[in-house]
Amino acid sequence: QVQLVESGGGSVQAGGSLRLSCVVFGYTINNYCMGWFRQAPGKEREGVAAIRAGYTQTSYVDSVKGRFTISIDVAKATLYLQMNSLEPEDTAMYYCAAHSRPACWAQLPTTEFPIWGQGTQVTVSS
């Protein structure tokens, strides 16, 4: 059974850092496009960052460029999102997701990703 399990969320003050993790169960992470998404209350779910295992290319939305870093540890079957210089606007539920098609960038619509985790909450206070 394919499963993604996120962890690492929490509450921090503005300017702080968090590292989110997403462990992959039930399939080989190689050759999958892995993405981080977030959804704030009352807003649509939006892409944040994306990466394909085995490739160096990463993709970010403009609002997180220079602050967030996406990475994969294939041996641990784990996707990460290092979030620095957090802002109150980053407050949201964060989800990891995956798909097996070639396209892999942060701006892909959520409908392109058939596999999702349950989410982890990030709250940033001012």
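Heavy atoms only: backbone and side chains are in, while hydrogens, waters and symmetry mates are out. Note that the structure is predicted; figures quoted are calculated from it, not measured.
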Practice item. For T78 and D73, test the side chains for any donor-to-acceptor distance below 3.5 angstrom and give the result as yes or no. Key: no
Review point. Does any non-hydrogen side-chain atom of S17 lie less than 4.5 Å from one of Q82?
Key: yes
Review point. Are the side chains of W36 and F68 in touch, meaning some heavy atoms are under 4.5 Å apart?
Key: no
Check your understanding: Between the side chain of Q118 and the main-chain N/O of V5, is any donor-acceptor distance below 3.5 Å?
Key -> no
Review point. Just by modelled atom types, is the S7 backbone N or O under 3.5 Å from a matching donor or acceptor in the T120 side chain?
Key: no
Revision key, fill the gap. Output for pair (H99 NE2, I115 CD1), nearest 0.5 Å, gives 10.0 Å
Study note, to complete from the structure: Distance col, row L79:CG vs S21:OG, nearest 0.5 angstrom, shows 8.5 Å
Hey, can you pull the donor-acceptor pairs under 3.5 Å for the side chains in residues 86-94, sequence neighbours left out?
residue : atom : partner : partner atom : Å
D90     : OD1  : R38     : NH1          : 2.9
D90     : OD1  : R67     : NH2          : 3.0
D90     : OD2  : R67     : NH1          : 2.7
D90     : OD2  : R67     : NH2          : 3.4
D90     : OD2  : E87     : N            : 2.8
T91     : OG1  : P88     : O            : 3.0
T91     : OG1  : V124    : N            : 2.9
T91     : OG1  : V124    : O            : 3.3
Y94     : OH   : R38     : NH1          : 3.0
Y94     : OH   : D90     : O            : 2.6

**Study point:** Residue from T69, T58, L81 passing side chain to side chain contact (heavy atoms under 4.5 Å, CB included) with I51
**Key:** T58
Please tabulate, for side-chain N and O atoms in residues 105-113, each donor-acceptor pair with protein atoms closer than 3.5 Å (sequence neighbours left out).
residue : atom : partner : partner atom : Å
Q107    : NE2  : Y60     : O            : 3.3
E112    : OE1  : R101    : NH2          : 3.4

Review point. Between I70 and V48, does a side-chain contact (heavy atoms from CB on, under 4.5 Å) hold up when you go through it step by step?
Key: CA-CA 9 Å; I70 188 172; V48 174; over 6 Å; no
Point to revise | Joint hydrophobic cluster, V23 plus V122, side-chain heavy atoms closer than 4.5 Å | key: no
Check your understanding: Yes or no on side-chain contact (heavy atoms from CB on, under 4.5 Å) for I72 and M34, after CA distance, side-chain angles and deciding distance?
Key -> CA-CA 9 Å; I72 284 183; M34 302 293 299; 3.9 Å; yes
Review point. How would you list all residue pairs meeting ring pair (Phe, Tyr, Trp, His ring centres under 6.0 Å) that involve residues 5-29, not counting sequence neighbours?
Key: Y27-Y32
Review point. If you look only at pairs with a residue in residues 15-52, which of them pass as a disulfide bond (SG atoms under 2.5 Å apart), with sequence neighbours excluded?
Key: C22-C96, C33-C104
Check your understanding: Rest of the hydrophobic cluster containing Y80 (Ile/Leu/Val/Met/Phe/Trp/Tyr, side-chain heavy atoms under 4.5 Å)?
Key -> none
Practice item. Could I get the full list of salt bridge (charged side-chain N to carboxylate O under 4.0 Å, His left out) partners for K65, not counting sequence neighbours? Key: D62
Review point. Taking all atoms of both residues into account, what is the closest heavy-atom pair of F37 and A97, and its distance?
Key: CE1-CB, 4.0 Å
